[in-house]
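Comments concern the structure below.
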Amino acid sequence: MARDISTVGVVGLGTMGAGIAEVLARSGLDVVTVELDEAGVARGRGHLEHSTERALSGGKLDAPGRAALLGRIRYSTSLSDLSEVDLVIEAIPESLELKAEVFAELDKITRPEVVFASNTSSLSITEISVHTARPGKVVGMHFFNPAPVLKLVEIVKTVVTEPDVVAEVVEFAERLGKVPVVIGDRAGFIANALLFGYLNHAVRMYEQRYATREDLDAAMRFGCGYPMGPLALLDLIGLDTANEILDTMYHQSRNRLHAPAPLLKQMITAGLLGRKTGRGFYTYDAPDSPNVVSSGVVSTVDGVPPRPVARVGVVGTGTMATGIAEVFAKRGLDVVLRARSLEKAQASVARVKKSLDKAVVKGKLSEEDAASALARITPVTDFEALADVDLVVEAVAEELPVKQAVFAALDEVVRPGAVLATTTSSLPVIECAASTSRPSDVVGLHFFNPAPVMKLVEVVSTIATAPDVVATASAICATVGKHAVHCGDRAGFIVNALLFPYLNDAVKMLEAHYAAADDIDTAMKVGCGLPMGPFELLDVVGLDVSLAIQRTLYNEFREEGFAPAPLLEHLVTAGRLGRKTGKGFKDY
């Protein structure tokens, strides 16, 4: 770095400030910390001692290393003690007035070349910087909590931040062992701007009683591989903190999707702030405890006897149909696989055999079990062969007229009392049901791809679905080792309705030249622990598929924020569909 940084000032010693001080001291830097009063200093010192004690007992630090680390940190209650530091990082509460006051004071105390960094997660760096005589030397340096553990740091530049200052702060973050991403000054930066819209959407779903808290959370964990569901994550963050961030984002974006869900305000008023108070969306056994107390809530299908299912029909020959047939056959159910031609049917059975053989090679299945599973699948070409099945799962192309024709044909031949299911991911289940004379027997069973691997199945009830049909769908999921979540018949169900607006927001962020695709992917993987960044995921799913789902969501909800990003439309028009064409947001 052009500036030699050996001593850093940290203003504020809450959880975040103490964590940042620890990161700095760990890297061999001298740290001068400032708190409002001696009580604040004592709390901050307590945070540091507790955190380093945990690192010591976890073998991540030895006793001499801990002593040296704590020895590099000095404590003060006066900003004037920062007169000789080389860089200042501010980590006080999220109030523009308070931060502006601190920065104006620091401006008088420190040398003119000293860079000021704010750890704000949502406030405007530009608005903070204008309270100094050095706005070109003010940046955002947003660490994630817990700072000693999480690698991401968002480096936020304003329109007047000097380019060499940005380069130096990036280099400094790397020196701390962090992964920096550079972005413009916009509410929520990258991670929060994308994360909190998604969290708010989940609260609205819960508020509308569209799905239970458990089903919303399980859907995103099992369906997307997220480390936590949205409502459990809100409890961890704190509902008051989330509300503040959303409110700041809304006032800057005027995007209705950022306006905090009314339920958040009601819960905050009632003191239900999440883990820190022992109760939020979930109840915990003590404040600050991660242990959820069982709610004792009874499922809507508890006490409703399911219909017996021993023989299953699967209609279709694509990846999804063959995957579902394999899932049923492996769990001992007889499967009738209906295809349009014998060649297609045989090709599907061959694909199932290939998948089972792979499982044998990996030691996940014995040769005998694989052979038995394959023997349970009977390929057919006539709908009449499905006459005596107990359950039929339709898994044909995602086109409503095609599905409606299948359901009309099934209605003619399948015995009364059998359950008819569609595995559509975005079309209205009721439209399929309306093609039959038995809409009460029709349900959505949305498996995720690849069906033999993915644990989640969304059980979708229409306004006509009979309770024992929902119970049957749940029971069959349990039989085949899947985790069922329940929701109503609305575009996107749970997973796609929460996932695709988030992906669309990421495309809009890229389109606005706010951050690079790689930086956005890094921010969401490193900062939020997601298995894939939004652009990696879009390229895997297929941009054409993503656009179709986004259009379905927009057409159903007429929500301006759901309108597909023009960039997504343009890439699809240009034939850049992702991995399958070798070019999408990235080149392969």
Side-chain angles (χ1 to χ4, degrees), residues 205 208-211 219 223 300 312-318 320-321 324 338 340 383 386 389 391-414 416-449 451 456-474 476-477 484-501 544-559 562-564:
M205 275 190 178
Q208 293 158 0
R209 301 189 181 183
Y210 174 65
T300 50
V312 179
V314 176
V315 181
T317 53
M320 196 45 106
I324 293 168
R338 189 266 167 185
R340 280 178 298 179
F383 277 109
L386 300 168
V389 299
L391 163 71
V392 184
V393 180
E394 163 279 309
V396 300
E398 206 53 358
E399 293 169 33
L400 193 54
V402 178
K403 290 184 185 291
Q404 286 172 319
V406 168
F407 273 82
L410 291 171
D411 193 38
E412 293 289 323
V413 299
V414 177
V419 173
L420 309 181
T422 172
T423 193
T424 180
S425 61
S426 57
L427 297 172
V429 178
I430 193 68
E431 297 270 12
C432 297
S435 302
T436 73
S437 60
R438 47 174 124 179
S440 62
D441 289 340
V442 179
V443 70
L445 265 182
H446 177 215
F447 286 78
F448 284 71
N449 198 20
L456 187 72
V457 177
E458 289 175 321
V459 175
V460 185
S461 312
T462 73
I463 52 167
T465 309
D468 67 333
V469 169
V470 180
T472 306
S474 286
I476 200 72
C477 289
V485 295
H486 295 260
C487 61
D489 185 18
R490 224 165 72 167
F493 310 138
I494 297 175
V495 173
N496 286 351
L498 286 175
L499 178 66
F500 281 88
D544 51 341
V545 174
S546 304
L547 178 60
I549 293 170
Q550 198 57 45
R551 280 177 178 160
T552 303
L553 290 170
Y554 178 62
N555 290 336
E556 174 125 330
F557 297 107
R558 304 293 178 185
E559 187 68 70
F562 287 177

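Position 1 is the first residue of the sequence; numbering continues from there. Bear in mind the structure is a predicted one, so any value in this text is a computation, not a measurement. Both backbone and side-chain heavy atoms feed into the values below; hydrogens, waters and symmetry mates do not.
Contact record, Tyr554 with Pro564: CB-CD, 4.3 Å, taken as the closest heavy-atom pair. Looking at every heavy atom in both residues, Met205 comes nearest to Ala497 through CE-CB, 3.4 Å. Across every non-hydrogen atom of Thr552 and Ser426, the tightest pair is CG2-O, 3.6 Å. The nearest pair of heavy atoms linking Thr436 to Cys432 is CG2-O, 3.9 Å. When all heavy atoms of Ala421 and Leu391 are compared, the pair lying nearest together is CB-CD1, 4.2 Å. Scanning all heavy atoms of the two residues, the minimum distance from Ala464 to Ile430 falls at CB-CD1, 4.2 Å.
Between Lys403 and Glu394, at least one side-chain N (NZ, or NE/NH1/NH2) sits under 4.0 Å from a carboxylate O, which counts as a salt bridge.
Looking at Tyr210, its side chain does come within 3.5 Å of a backbone N or O of Gly488 through a donor-acceptor pair. Proximity of a side-chain donor or acceptor of Thr423 to a complementary backbone N or O of Phe447 within less than 3.5 Å is detected. Using modelled atom types, one side-chain atom of Thr465 and one backbone atom of Val442 make a donor-acceptor pair closer than 3.5 Å.
Taken from CD1 in Ile494 to NE2 in His486, the straight-line distance is 9.5 Å, to the nearest 0.5 Å. To the nearest 0.5 angstrom, Ile476 atom CD1 is 8.5 Å from Leu445 atom CG. From Asn496, atom CG reaches atom CG of Leu553 across 7.5 Å, with rounding to the nearest 0.5 Å. Put simply, SG on Cys477 and CD on Glu458 are 10.5 Å apart, with the number rounded to the nearest 0.5 Å. Residue Leu400 holds its CG atom at 10.5 Å from CZ of Phe407, rounded to the nearest 0.5 Å. Atom CG in Asn449 sits 9.0 Å away from atom CD1 in Ile324 (nearest 0.5 Å).
Applying the side-chain contact (heavy atoms from CB on, under 4.5 Å) rule to Phe383 yields the partners Val315, Arg338, Leu386, Val406, Ala409, Leu410, Val413; only residues at least two apart in sequence or on another chain are considered. Contacts of Ser425 classified as side-chain hydrogen bond (donor to acceptor under 3.5 Å, both in side chains), with partners at least two apart in sequence or in another chain: Glu398.
Val312 has its side chain out of reach of Val389: every pair of non-hydrogen atoms, C-beta onward, lies at least 4.5 Å apart. Annotation: side chain of Arg438 is in contact with side chain of Val414 (closest heavy-atom distance under 4.5 Å).
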Go through Val459 and Val443 one step at a time and tell me if the side-chain contact (heavy atoms from CB on, under 4.5 Å) criterion holds.
-> CA-CA 7 Å; Val459 175; Val443 70; 4.1 Å; yes

Could you walk me through whether Phe562 and Glu556 pass the side-chain contact (heavy atoms from CB on, under 4.5 Å) check?
-> CA-CA 10 Å; Phe562 287 177; Glu556 174 125 330; over 6 Å; no

Take Val495 and Phe448, measure what side-chain contact (heavy atoms from CB on, under 4.5 Å) needs, and give me the verdict at the end.
-> CA-CA 10 Å; Val495 173; Phe448 284 71; 3.7 Å; yes

